[in-house]
Amino acid sequence: MATTPPTRPVRWGILGTGSIAAKFATGLAALEDAALVAVGSRSQADAFADRFAVPRRYASYAALLADPEVDAVYIATPHSLHYENMLACIEAGKAVLCEKPFTLNAAQARAAVAQARHRGVFLMEAMWTRFLPLFVELRRLLAEQAIGELRLLQADFGFRTGFNPQGRLFDPALGGGALLDVGVYTVSLAHMLFGAPVHVTGLAELGATGVDEQSAYVLGYDGGQLAVLSSAIRTNTPQEALVAGTEGSIRIHSPWWRGERMTIRRTGADEQVIERPYTGNGYNYEAAEVGRCVRAGMTESPIMPLDETIAVMETLDRLREQWGLRYPGEE
């Protein structure tokens with residue numbers, strides 16, 4: 001994989017023009033060493049390009065990937081397209097940042113990672129939460145055992161949206177449901193703290209279209225640690241996270257997944273509030289990590305490593321298997 005010269009901005013292309021693409025484009029604008037130079041879409045490329053002053057707009061993904069002026073690609077397409085889009089980007093030799101969920105299932109994740117490693121192309125899951133300043137500070141505190149030995153995580157991510165059987169969130173063919181859309185945040189946080197679970201168990205309410213509208217699940221680990229998690233698209237939840245240890249706890253205040261504030265409670269000590277606000281809209285931090293890695297000739301990020309992304313997808317698969325939830329086209 002060719003490296004980007006340190007004197008030149010990383011030149012980005014975006015596949016897709018939905019709301020998440022707009023958030024990423026907004027985040028990129030906060031970086032001095034990154035530039036959005038191209039967008040590819042089957043229908044809305046011109047409108048999106050006009051909105052964000054993107055100089056080149058393409059009516060197909062293939063045309064964008066053929067552009068030699070594009071260094072890195074952000075995949076902002078529906079869940080069900082991530083896998084094929086990643087393979088096309090890798091084949092074109094572009095660095096890839098793929099919106100979560102990385103793929104529909106672990107088999108696709110393993111295949112995409114294997115291809116990226118074979119081709120020597122940078123690949124990363126866009127779990128933007130992990131790169132925010134508050135979570136950088138959280139990892140530092142936990143590494144210093146600020147609350148002793150980690151024992152428990154409680155985290156939820158639920159919201160209520162109106163039922164729309166034609167909408168993306170309710171369409172099994174697009175990987176709809178709460179687990180892949182927002183549950184992945186809670187599972188990824190658990191993996192960041194504890195690694196891959198040994199035990200996975202949960203219950204889900206499958207709605208009229210067959211997708212999980214709400215669910216609760218517990219992940220267990222060899223050392224006895226537990227992660228108690230929930231996600232929903234038809235239920236409003238507090239959207240808080242609590243990390244508990246033998247000597248205290250850390251509460252990441254709502255909405256934790258884009259948190260800027262947390263409270264530490266230690267045994268025998270006063271509460272301490274830590275604030276780590278972010279610049280831009282927060283999506284700039286994951287883009288900056290891609291730029292850092294690409295400039296250094298790296299093919300994956302140590303903060304969001306590919307093996308961990310695969311492990312997260314394996315956990316999601318184990319939950320769906322218990323719920324009898326399969327997406328069309330899965331083998």
Side-chain angles (χ1 to χ4, degrees), residues 100 125-159 179 182-202 215-232 236-279 282 285-286 288-289 301-305 307-309 311-312 314-316 318-319:
K100 50 79 198 153
E125 177 188 3
M127 181 50 68
W128 68 295
T129 298
R130 191 166 295 204
F131 301 92
L132 297 177
L134 190 76
F135 288 83
V136 174
E137 178 65 8
L138 174 65
R139 289 193 295 272
R140 187 191 69 79
L141 289 169
L142 297 180
E144 294 178 353
Q145 294 193 316
I147 57 171
E149 178 191 349
L150 290 187
R151 300 298 300 161
L152 178 70
L153 167 67
Q154 296 175 338
D156 68 90
F157 193 163
F159 63 95
L179 186 67
V182 291
V184 64
Y185 282 94
T186 66
V187 173
S188 185
L189 178 61
H191 276 255
M192 186 187 85
L193 298 179
F194 299 128
V198 176
H199 307 287
V200 176
T201 187
S215 61
Y217 31 100
V218 178
L219 313 182
Y221 303 85
D222 272 340
Q225 302 95 336
L226 294 174
V228 183
L229 314 171
S230 63
S231 56
N236 282 315
T237 69
Q239 298 185 7
E240 286 194 334
L242 176 70
V243 182
T246 54
E247 304 297 331
S249 64
I250 299 175
R251 182 176 297 279
I252 308 171
H253 296 282
S254 180
W256 73 263
W257 45 274
R258 53 181 174 92
E260 298 182 279
R261 185 170 174 267
M262 59 187 172
T263 299
I264 304 181
R265 295 181 174 89
R266 297 183 179 93
T267 304
D270 293 336
E271 290 185 357
Q272 178 186 4
V273 176
I274 294 177
E275 295 186 353
R276 292 292 185 272
Y278 50 79
T279 59
Y285 292 95
E286 62 180 359
E289 173 68 2
S301 165
I303 299 173
M304 189 68 250
D307 286 343
E308 186 169 340
T309 288
V312 168
E314 289 173 343
T315 299
L316 301 182
R318 291 173 69 180
L319 286 168

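Between Leu229 atom CG and Asp156 atom CG the span is 9.0 Å, to the nearest 0.5 Å. Summarising the geometry, atom CD belonging to Glu137 is positioned 7.5 Å from atom CD1 belonging to Ile264; distances are rounded to the nearest 0.5 Å. Distance check, rounded to the nearest 0.5 Å: CE of Met127 to OG of Ser301 gives 13.0 Å. In this structure, the separation between CD1 on Ile252 and CE on Met262 is 7.0 Å, given to the nearest 0.5 Å. Rounding to the nearest 0.5 Å gives a distance of 9.5 Å between CG of Leu226 and NE2 of His199. Annotation: the span from Thr263 atom OG1 to Gln272 atom CD amounts to 9.5 Å, rounded to 0.5 Å.
Here the closest heavy-atom approach between residue Pro302 and residue Glu289 is recorded as CD-OE2, 3.9 Å. Here the closest heavy-atom approach between residue Ala190 and residue Tyr221 is recorded as CB-OH, 3.7 Å. The two residues Ser249 and Leu242 come nearest to each other via the heavy atoms CB-CD1, 3.9 Å. Residues Thr315 and Leu219 come closest through the heavy atom pair CG2-CD2, 3.9 Å. Scanning all heavy atoms of the two residues, the minimum distance from Ala196 to Ala311 falls at CB-CB, 4.4 Å. Summarising the geometry of Val184 relative to Glu125, their closest heavy-atom pair is CG2-OE2, 4.2 Å, with the distance given to 0.1 Å.
At least one side-chain heavy atom of Phe159 sits less than 4.5 Å from a side-chain heavy atom of Asn236. Between Arg276 and Leu132 there is no side-chain heavy-atom pair separated by less than 4.5 Å. In this structure, the side chains of His191 and Pro197 come closer than 4.5 Å at one or more pairs of heavy atoms. With contacts defined as side-chain heavy-atom distances shorter than 4.5 Å, the pair Lys100/Thr129 does not qualify. Looking only at side-chain heavy atoms (C-beta outward), Leu189 and Trp256 come within less than 4.5 Å of each other. The closest side-chain heavy-atom distance from Glu260 to Leu134 is not below 4.5 Å. Proximity of Arg251 to Arg265: side-chain heavy atoms (C-beta onward) are separated by under 4.5 Å at one or more points.
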Side chain to side chain contact (heavy atoms under 4.5 Å, CB included) assessment of Leu138 paired with Met192: CA-CA 11 Å; Leu138 174 65; Met192 186 187 85; 4.1 Å; yes
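Looking only at distances, no side-chain donor or acceptor of Arg261 sits under 3.5 Å from a matching main-chain atom of Val273. A distance-only check finds a donor-acceptor pair linking the side chain of Tyr285 to the backbone of Thr279 [under 3.5 Å]. Remark: side-chain polar atoms of Arg139 are paired, donor with acceptor, to backbone N or O of Arg130 under 3.5 angstrom. A donor-acceptor contact shorter than 3.5 Å is absent between the side chain of Thr246 and the backbone of Gly148. Listed for the Ser231 side chain is no donor-acceptor partner under 3.5 Å among the backbone atoms of Val182. The closest donor-acceptor contact from the side chain of Thr186 to the backbone of Gly183 lies under 3.5 Å.
Shown here are the salt bridge (Lys or Arg N to Asp or Glu O under 4.0 Å) partners of Glu314, two or more places apart in sequence or in another chain: Arg110. Shown here are the side chain to side chain donor-acceptor pair (under 3.5 Å) partners of Glu275, two or more places apart in sequence or in another chain: there are none.
The aromatic rings of Trp257 and Tyr185 lie tilted to each other, with the angle between the two planes from 30° to 60°.
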